[in-house]
Each structure stands twice: as C-alpha cells, then as structure tokens.
Amino acid sequence: MSDGNREESPDLFKVRLEKIEELRSSGIDPFGKRFPVQDQAAEIIADFPAYDGEEVTIAGRLTAKRGHGKASFGDLQDFSGRIQVYARLNDLGSDAYELYKKLDIGDIIGVRGTVFRTRKQEITVAINSFEILSKSLRPLPEKWHGLKDIDLRYRQRYLDLIVNPEVKEVFLKRIEIIRAIRHYLEERGFLEVETPMMQPLAGGAAARPFITHHNALDMELYLRIAPELYLKRLLVGGFEKVFEINRNFRNEGISTKHNPEFTMLELYQAYGDYQDMMAITEDLISTVTQQVFGTTKIEYDDQEIDFTVPWTRLSMMDAVERYTGQDFSHLDTERARRQAVELGMEISAGAVWGQILNEVFETYVEEKLIQPTFITGHPVDVSPLAKRSQENPSLTDRFELFINSWELANAFTELNDPLDQRKRFEQQMDERARGDEEAHAMDEDFVTALEYGMPPAGGLGIGIDRLVMILTNAPSIRDVILFPTMRTREC
RNA sequence: GGGCCAUUAGCUCAGUCGGUAGAGCACCUGACUUUUAAUCAGGGUGUCACAGGUUCGACUCCUGUAUGGCUCACCA
C-alpha cells in the first residue's frame, strides 16, 4: 500500500468513476463551480427561531445518508458544524430526486432549502434545490468509530479533520492561543518581525541543524535552530521591542515532545532584563489561558496545572539541593563530579562544574516540576549567550520555565558585551573540538554587531507547541501540529 | 540507536490447538415520504504489512525487513 494511491476495493472506486461519467454525460459537472454560500450549519441551529421557515443557502460535505424511498435524510457538514438535510421527491421532482439518491457519502454539495424542525425536533433543511460541487471517489472512514489509526491520522490529516470533530477543536484552540499571544504583545508595543529561516550559521541554541545548499550562491545554508542572533541584531539596529512567532528546525530525535520543526515565540525588550521577561512570561501565559479557556486551572493528564500567578521561583542550585540534598554552591569541578557520581550519575570526562550542576538538575529535579516553576541562575558554562550575574559571575541572569516537567520557556538578560561574547564563543569552540556537536559556533558577524553596541536587554523564548499541548491536554506534540514530520512510506 | 508491542476488508475490530478468513459500519441490489449509528431482505468486496523458513498444510510457529506506537538514549 502506498499512501497516495491506496488500493481500494476495485469495485468501490470503479462504481464512483462510473457515476462521474454518468453525470458528465447528462451534462452535470461532477466537480462543480462557485457556489454563493449564505448560511452556516451551526448558526442555523444556534439561532433556529430566526431561520424557521426561511430559505438558506449552505454547502458542505455529505457525511451520512438515511434513505426512505421517496424521501431521504442526510447530514451536511460545513466548517461550522453539521446540519440535517431532507430531500423529498415531491419537492425536488423525479430527476433531481434521482440525482440526490445517487449522491455518495463524502460528496460536497451546495443546498438551497427551507429550515424546519422534524417530528423528532431535529433542525433540518428541506432541500429545494442542490448542486454537486465535488464528487468523492474514495469512501470516508467509518462514521461511528472514526479514524483511529494514528499513523493514518497524521499522514491523512484531512480525513482526521473530517471524521474526528475533537481534532478540529484542538487546532482551533491552537489558533486562538497564538492569536491571543500576538494580541497581548502588540498591545504592549512589541513589533512582529521575520528573520531568516536559512542562515549561513545555525546559532542561538545548542542543537544540530538541517543543512541545505543554495545553487546560485554555491553555499551551504542551515535551517535555523533559533532566531535569537538576528533578533538581537535588530536591537543593535534600534528596534526596542520585537517578537517573532515562527518555526525552528532541529535535526534531532522525534518523540511525543519533539517534532523536527516546531514553533517558538521569541521576544526581546531593550533596556529590560530577565526579571522583566519573567513578569511577561507569567502574565502572558496566565492571561492567555484565562482568555481562551476562561480559567487558569487546566487539567493535563489527570493532573491539575494551576497557572494562577505568582509562580514558584527557585534557583537551580537551591532546586538541586532540595531534591538531592547535595550542595553545589562551591565551584570545584572535581568535587561536583564526586557528588554527582555519589548520586549515581555518569559524568563525561570534559564536563566542568556548571555542566555537572546542569546535568544533576536535569536528572533529579526536572521531573519534579509539575506546577509552573521558574528555575533561575543557570551556570555560565551552559549559557553562552546570557549575561553573567552581578552577584556570582559563574552564574547568569537567566531562567527556564518548567511545567509538567517540560521546559516551556527560556529567558535571560542578554549578553551585550562583545568581548565576553567572543570569549564565550571561543569556549564553545573548545567544546566543539572536544566532540560536542551541539556546542555553539563562532559567529563573527554577530560579534561585530555587538561591537557597535547593543542596549542591555531581556530576551525570552516560549515553546508554543508544548504550551498548546498542556492547554489542550494533548498527549503528543503531533496532536497540536497539523502535519507532523513522518517518514515517507516506501512500499 | 536499544527494548517492548502492533500491522487481518475502505474504516473499527474478532479469529480457539497450525486445517486455507468473519462481524459491524461503508459499498452493491431491492423495499420504504419525518429518519438520525434509520430499518428490512439479499450480496464478501481480502497479496491476513512484506520476504524467506519450518510443516502434508501457516493469519497462527521461526528469522529477517518495512511502517507505526510506547519507552529508554538523544534533545543544555
């Protein structure tokens, strides 16, 4: 079986091809034309008294047929919902009625008809006339159980959307959430910008990139792993409050929490710092949640996530001490290694103090952070783009937001010292030389930009897909991405 | 990449101890002018994921492959 050309029961497909020929020979175009839709199924049902006895013009897909000889019911599904239609020989005449009887489930039709309520109180459109707008050649998945096969649901999302109404609801929520985020930021003076998806150097995060090639320039380009370094160039250029909601691409494993392309919000505010970012994060997410869901308490996988502000704030070192009993506040790499090993961890040879602390945190603390929690004070060793903390130059003014043990946001006071930035890149290059493929590359062009002067700034990234997952109780990131990345089928 | 599991009709699924495949929906034929998972009568439409092996005989047992799911690793 191949996905685009699946073997159907030959008769089934053939029967429908024959119907198409029949239609054509009787002068009817099976793939229709413009149809001036006036009304929506859900609106007619919601406001029945206003529509009762009136003629409406609707269009959509026929999803069920219930024939009764000289009368016939059907369900018509448009984007707004589903409404029953009723065709009667007496109303339509024999030619049109015969045509109606030949319609298949899955056909798209346009209907002009009169709204009424049946004996069983179902709001229904009695068809006065109809047009075939598109013939369907393939049968829809089963009406009662829907389409369950997860593989097919992702590969043929259009079928998933047709037959599983709750799927559409999730994507409508996603749309609302993103719209609310945009609205929130625009109201506060942030400007939405677009920066390169194809970059000569994939920077701004630690991840393996996708590589592509530009023929005319004969150069390698990388799909971006983050927009960060371009957004900061805009700060140099005088933009003061910018954001971008767009795709990042990371050439890494796929899981229920990772899709190779995913959507990030990144936001930068000149003259601000990570504390401002924390305030925005907390207020943005709780405000949007309240707006879209009418509450700040959300059920995810049998747990209640409470977005009510303020959220817990905990330094990485305190968090590690709380959950492991080990104090890493000294800066001794060897001692840190011994402590980590004592906890049962394996630490790679070249790891330094900050990396060890970070690994211990990820291993023992992350899984405990269910309610929204800000973790602050990341080691400079794992934060090559963040500004050093004034109180402790081994740490940075940075936070990550954890919800349901997932990293949802990452923010820091941006490093605007070009000399320090160059040293950080050099340190990253050392790590790269030691085999860390994800260590940051030297970006001379970016350092040059900083040398012209970048205002102190706060920067923030929020993983939109994961946020949508939590807010819509989706078990997999693929449930919130319309067309998730799938292996192509060979057979 | 490792482990576990799955793959049977268009869809959702059953299939006993190894004896050559079956149910609902969909589809086809007919009946039926207010049904709604319409109903009634009749019809099975299949390369049992793919390729080998064992066997008199394989959907079933074995090996490999493909795809997917979960999970671990990876993903600061």
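Below, chain A is the first sequence line, B the second, and so on; all start at residue 1.
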- Note on the structure: Side-chain contact check for A/V15: nearest option of B/rU33, B/rC28, B/rG68 is B/rC28

Only pairs under 3.5 Å count here: list side-chain donor-acceptor contacts from residues 462-486 of chain A, not counting sequence neighbours, and write none if there are none.
from, atom 1, to, atom 2, distance (Å)
A/D465, OD1, A/R174, NH1, 2.9
A/D465, OD1, A/R174, NH2, 3.2
A/D465, OD2, A/T263, N, 2.6
A/R466, NE, A/K257, O, 3.4
A/R466, NH1, A/E407, O, 3.0
A/R466, NH2, A/K257, O, 3.3
A/R466, NH2, A/H258, NE2, 3.3
A/T472, OG1, A/V468, O, 2.7
A/N473, OD1, A/D301, N, 2.8
A/S476, OG, A/R478, N, 3.1
A/R478, NH2, A/T485, O, 3.1
A/D479, OD1, A/Y154, OH, 3.0
A/D479, OD2, A/S476, N, 3.3

- Query: Is it true that the NZ or CZ of A/R250 lies under 6.0 Å from the centre of A/F262's six-membered ring and within 45 degrees of the ring axis?
  - Reply: no

- From B/rU12, B/rA38, B/rU67, pick the nucleotide closest to the side chain of A/H145? B/rU12

- Task: Classify the side chain of A/Q84 and the base of B/rU35 as holding, or not holding, a donor-acceptor pair under 3.5 Å.
- Result: yes

- Task: Would you kindly compare A/Y154 and A/L89 by the position of their nearest RNA chain B nucleotide and give the one closer to the 5′ end?
- Result: A/L89

- Per A/K120 side chain, nearest of listed nucleotides B/rG10, B/rC25, B/rU36: B/rU36

- Message: If the test is side-chain hydrogen bond (donor to acceptor under 3.5 Å, both in side chains), which one of A/D420, A/N416, A/T396 qualifies with A/K387?
- Response: A/N416

- Shortest side-chain distance from A/K70, nucleotide among B/rC32, B/rU12, B/rC27: B/rC32

- If you look at every strand shown and take non-hydrogen atoms under 4.0 Å, does A/G146 touch a base, only sugar-phosphate, or nothing? sugar-phosphate

- Message: With a 3.5 Å limit on both atom pairs, tell me what B/rA21 is paired to, counting Watson-Crick and G-U wobble, or say none.
- Response: none

- Query: Whole-Å distance between B/rC40 P and A/R66 CZ?
  - Reply: 16 Å

- Task: Indicate, with a heavy-atom threshold strictly under 4.0 Å, whether A/E438 touches base, sugar-phosphate, or nothing.
- Result: sugar-phosphate

